[in-house]
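Heads up, the thing below is written out as structure tokens.
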Amino acid sequence: MDVLTRSYDAARTGANSQETILTPQKVGNNLLIRQTSLHVNDDPRIEAQPLYVKGVDIGGKRHDVVYVSTMANNVWAFDAADGKPLWPQPVHLGRPIKPQGTEIDLFGINQLWGILSTPAIDRVTGTMYVVCWTSPDGTVARAIHQLHAMDIRNGQPVHNPLTIAANAQAQGKPQVSLIPSHQKQRSSLLLTITKGPGGETRKTLFVAFAMTHEEHDPAHGWIVAFDLADFRQTAAWCTTPNGSGCGIWQAGQGPAADESGDVYVMTGNYGVEDAQNNTARPAAGDLADSLVKLHYTPPPAPGAAGRLEAVAWFTPFADADRNRNGEDNFQDYDLGSGGPVPLPGLPLVVGAGKDGVLYVLDKDTQRLGRGSNFGVLKQQPIFFTYFPGFGIDAAQVHNLDRLFDGKTHHLHGTPAFWHSPTHGPMLFVWGENECLRAWKVDPKGTVTFFAKSAEIASAGMGGRGGMPGGFLAVSANGTQPNTAIVWALAPISGDANKHVVAGILRAYDATALDPIQNTDGTPRLKLLWDSTHIPGNHFFFSKFCPPVVTDGKIFVPTYDGRVDVYGLVRPSHAGPTPTNARRTDLG
């Protein structure tokens, strides 16, 4: 199966339902090894999810290709079978930014800033779309964002790059602009089909922006639309035309699209503070900490402008109502630390953010509504990444301004969604300082707890920190029973936001539970395998990046300047086989 976008599809389900090779039985029999690694020599901190395309004609031969984009503004093409580069050299898209101190990242774990977001590939035209952050002298002050279109066969440009710019103006207010030196473009690109005024379809690319800083900063959140037939910018939407802040970053997840082509995002904190450094209440028209549905109207004629507008939104809380001086700064609890998922086949869209609380809403524009009415929810909000105890109402903001066990359980990511042939629709989520949790979803919108893992992300960290939790993918062979696996990348210990820390890849049975319950009496997800089973296997965790599982392989981006490739020992054996088998043991 091709992997052309982050989390497999425009809905961002995180599920590959066409995996025929990897099964719980084989993985549970300890048959996985690290087959090879794809090495880049420009910047070790790989932030963008790798993409995978089968049967690409390169040099007159067909290759299954892994595309790796780096913070040095390079795009690499590797053979998925042997790990060798397929292009004479990577395609360089411009000088990356080399920041001074903490002008971009508070903790300085990144060396360069170039391609931060996951690109998107149009398989029909064989074109990859990439946004890079570049500067002629490497400084933040002269930074620009550029959109590139390249041929996936050879990396050659399909169009001249576009420099991204955007403006917006609220009624009676000064015009605001996208500020390249202040805008971090972490959210993955969304390529989807939109419908024009006459019902005609258009391929459209959406690019979302957050900021380098949130408070006392003039920048805003943005989504910019590009018509791909003409390769030109056609529309832009600003989250805060009256104020500032409310970036769209979603821990690297991209905007999501439903079956109709409408777009969903979740926004972050408001950026305006009063004299006491408390977050101000958002001005009318500014959508802070909101799950937002947007409708795009393509241009009615060549050369004309399109229109991108918010048509519905839900705002569960205001930063101004949160406690800044409690156990944590609860005015910094972005809803947009996670990404929304419009559930395919169901009339629902779900989302959870830093509070670890899940909101279930109707996709329908009228029923989703506009505002903070909890009556539009399909069920009352639930604690999704952790359990604080019975009888605690997640709809009451004072219950969110607490660390119930002295730890943060933020969600920095997006739940994975999968239709189980045994249990029906399911969600999987892994918050920081917590375990993997599985939930069942009723088509009417009721989400109920199913099971959790015994393993903890950043185990033993305690207190505040322990970012970012686990990043998930689900693989299954359609509706065939006993074929589904939940794959998770997480830090073994420590805080990956502040430090470069060791990571671990785990695999869980998505259907069958462990016969042993958890110590608290809850059902336990069955751990099949983890990457420490391979002697000497070690990698540094890539913050905010999920594994890519397809065609019997698992691609794991790292902070070591490589993507590790795991697969089964060949030929497969009936019984357990030690995974210290070397490549010479492969068939």
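A salt bridge is absent between Lys407 and Glu434: the closest approach of a Lys/Arg side-chain nitrogen to an acidic carboxylate oxygen does not fall below 4.0 angstrom. One finds no salt bridge joining Arg324 and Asp332 here, because no Lys/Arg side-chain nitrogen approaches an Asp/Glu carboxylate oxygen to under 4.0 Å.
The number of heavy atoms from other shown groups lying within 6.0 Å of CZ (Arg153) does not exceed 12. Crowding of Lys203 atom NZ: a count of heavy atoms from other residues, nucleotides or ligands under 6.0 Å exceeding 12. For Arg307, the CZ atom is loosely surrounded, since the number of other residues' heavy atoms within 6.0 Å does not exceed 12. More than 12 heavy atoms of other residues, nucleotides or ligands shown are found within 6.0 angstrom of CD on Glu309.
Side chain to side chain, Glu432 and Ser458 fail the donor-acceptor criterion of an N or O pair below 3.5 Å. Remark: the Tyr333 side chain and the Asp401 side chain contain no N/O donor-acceptor pair separated by less than 3.5 Å. Side-chain contact check for Thr234 and Asp227: no donor-acceptor pair (N or O, by modelled atom type) lies under 3.5 Å. Of the N and O atoms on the side chains of His220 and Thr239, not one donor lies less than 3.5 Å from an acceptor on the other residue. If you check the side chains of Tyr67 and Gln49, you find no donor sitting under 3.5 Å from an acceptor.
Here the side chains of Trp76 and Val563 are not in contact, with every heavy-atom distance at 4.5 Å or above. In this structure, the side chains of Leu4 and Val53 come closer than 4.5 Å at one or more pairs of heavy atoms. Looking at Ser7 and Thr414, their side chains never come closer than 4.5 Å, going by heavy atoms from C-beta outward. For the pair His412/Lys354, a side-chain contact is recorded, criterion being any heavy-atom separation below 4.5 Å from C-beta on.
For Tyr566 and Trp487, the distance between ring centers is not under 6.0 angstrom. Here Phe206 and Tyr296 bring their ring centres to under 6.0 angstrom of each other.
Annotation: the span from Asn278 atom CG to Asn325 atom CG amounts to 7.0 Å, rounded to 0.5 Å.
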